[in-house]
Amino acid sequence: MKLIIDDANPDTIKGLYEYFPVDGVTTNPTILAKEGKNPYEVLMAIREFIGPDAELHVQVVGKNADLIYEEAHMIRKRLGNNTFIKVPVTREGLKAIKVLKKNGFPVTATAIYTHMQAFLAGKAGADYAAPYVNRINNLGVDGIREAKEIHDIFRNNNMATEVLAASFKNSQQALELAKHGVGAATISPDVIEGLVAIDAVTHAVDVFIRDFESFCGKGTNMLNV
Ligand code: E4P
């Protein structure tokens, strides 16, 4: 399962890249608005840092297929070919996805709440389909189960589309989907940090150091004993 950062702050992204095995960055209009700068300024800084080959997912804002198509061209022109165009799966969005795929754009179908949206996005040729786990949970439906079932729909229908699970509340949810083998998960920085924030591990490491230093002396390590 690819691990993708769901954030647009270049400093935060740099910090996560330094420590975690991450595979790219997703953004959405809400995430970009939080940066308080021109969206392309922020996105170009991210692209420059992650490089031309890393996955960057950028969402369109237009509500009709023609405008979405024009936005996609501008996004590709300014951010490079390996930029996934995130298109909400509405009626117009499906039309746009079909046209974008015919024209060679990488596409992430987003704002997915139902199996049917995901199935249609897959049929339209989307590379990724992004079910919103936590938002689905908030509707009283099991978002994790739905993301798994969408993965199964793609595999059972021989579709190449991968699930890019989104909207997570905790690291456990992401792990559940890794066990099922979904293609990717996009996770906010605090939830990524939560993947390794385990008190028992911190304690175990502290005990190793304490035992070593009690024998070899304070401040010692395998470099200076
Ligand atoms: C992903 O690309 C989605 O836009 C995002 O994960 C939504 O997350 P949220 O439900 O926490 O806003």
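What you see below is based on every heavy atom in this structure, not just the backbone, and it leaves out hydrogens, waters and symmetry mates. Ligands are counted one by one from 1 in listed order, and the atoms in each one are counted from 1 as well.
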Exercise. Decide, yes or no, whether a salt bridge links Arg145 with Glu176 under the criterion of side-chain N to carboxylate O below 4.0 Å.
Key: no

Quiz prompt | Note, Tyr17 side chain near Ile5 side chain (heavy atom, < 4.5 Å) | solution = yes

Quiz item: Checking Arg76 against Phe105: charged group under 6.0 Å from the ring centre and within 45 degrees of the axis?
Solution: yes

Exercise. Write down, by chain and number, every protein residue that brings a non-hydrogen atom to less than 4.0 Å from an atom of ligand 1.
Key: Asp6, Asn28, Lys86, Tyr132, Arg135, Ala166, Ser167, Thr186

Quiz item: What about Tyr69 and His73, are their ring centers closer than 6.0 Å?
Solution: yes

Quiz item: Does one side chain, of Lys2 or Tyr128, offer a donor that lies under 3.5 Å from an acceptor on the other?
Solution: yes

Self-check item: Worked check of salt bridge (Lys or Arg N to Asp or Glu O under 4.0 Å) between Asp7 and Lys34
Solution: CA-CA 10 Å; Asp7 199 72; Lys34 280 188 199 145; over 6 Å; no

